[in-house]
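Only a predicted model underlies this, so the values are computations on that prediction, with no experimental measurement involved.
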Amino acid sequence: GSQIARDDVSLARTGHYPTVDLVLTRNNTDNEGFSRAPCFQPIDPGPCIGGEPPGTIIRNPTGTDLETDSISLQLALPIFSGGQTSSRVQQAVYRHRASRERLERTARETEQQTRDAYLGVISDISRIAALKQALESSRTARRASEAGYEVGTRTAVDVLDAKRKTYIAEALYLRSRYDYLINGLRLKQAAGTLAVDDLAQVDTLLK
């Protein structure tokens, strides 16, 4: 978009440049050679002797048919005409400037998205490890509560509370893995390396 706008500026500026045109001209002249019949009068003002009646239009056998070709160059030098060309150039400059600013804003946004996705992936890796350890601890505590309930050292409320904590720990762990997969896709999208195979792998992991 920015390159196209820049080309528009160059194109608009050509309105100030002189132009040279190649002109081919063809002329066809057909001269039939018509004339009026003469009048021969040996004694004026007697009648005409011989030839056609006076004033008759006759064709001259020496008529000509002429065809000419010519090639010429025409130079057109634009002059200032109400600022129309300058206005078009200025508009093209503004469009190019706006397009360049949009490009820069998109580049900054893409860079920010890439950085955020990268930091998200790094954070998710540490969070997954911590939540996995918390899940294992919750499962161990639940098993201890169940064993204590069987021997009478724990109550049913203790067992239910241990199970509730285990479910919460498992939900947090699975959520962190989901966030890791999503941030991984966002990172590849921002880097321009996202492919169909990546989506297929994520779909397999979710199943």
Sequence neighbours left out, what pairs pass salt bridge (charged side-chain N to carboxylate O under 4.0 Å, His left out) with at least one residue falling in residues 126-136? Glu136-Arg139

Could you list the residues that satisfy salt bridge (Lys or Arg N to Asp or Glu O under 4.0 Å) with Glu101, not counting sequence neighbours? none

Between Ser145 and the options Thr140, Thr155, Val159, the side chain to side chain contact (heavy atoms under 4.5 Å, CB included) test singles out Val159

Taking Tyr173's backbone N and O only, do any of them form a donor-acceptor pair with Ser176's side chain (distance below 3.5 Å, no angle check)? yes

Got a second to check how far Ile182's CD1 is from Leu187's CG, nearest 0.5 Å? 13.0 Å

Under the side chain to side chain contact (heavy atoms under 4.5 Å, CB included) rule, collect the residues that match up with Ile168, sequence neighbours excluded. Arg164, Leu172

Under the salt bridge (charged side-chain N to carboxylate O under 4.0 Å, His left out) definition, can you give me all pairs with a residue in residues 114-125, not counting sequence neighbours? Glu111-Arg115

Do Val121 and Ile125 touch side chain to side chain, with heavy atoms closer than 4.5 Å? yes

Grouping I, L, V, M, F, W and Y whenever their side-chain heavy atoms are under 4.5 Å apart, do Leu160 and Tyr167 come out in a common cluster? no

Side chain to side chain contact (heavy atoms under 4.5 Å, CB included) between Thr110 and Thr106, worked out: CA-CA 6 Å; Thr110 302; Thr106 302; 4.1 Å; yes

Contacts satisfying salt bridge (charged side-chain N to carboxylate O under 4.0 Å, His left out) that involve residues 184-206 (not counting sequence neighbours) are Lys188-Asp198, Asp203-Lys207

Could you pull out all residues at least two apart from Glu109 that satisfy salt bridge (Lys or Arg N to Asp or Glu O under 4.0 Å)? none

Within the structure provided, determine whether Arg142 and Ser138 are in side-chain contact (heavy-atom separation under 4.5 Å). no

Which atom names give the shortest non-hydrogen contact between Ala190 and Thr114, and what distance separates them? CB-OG1, 3.0 Å

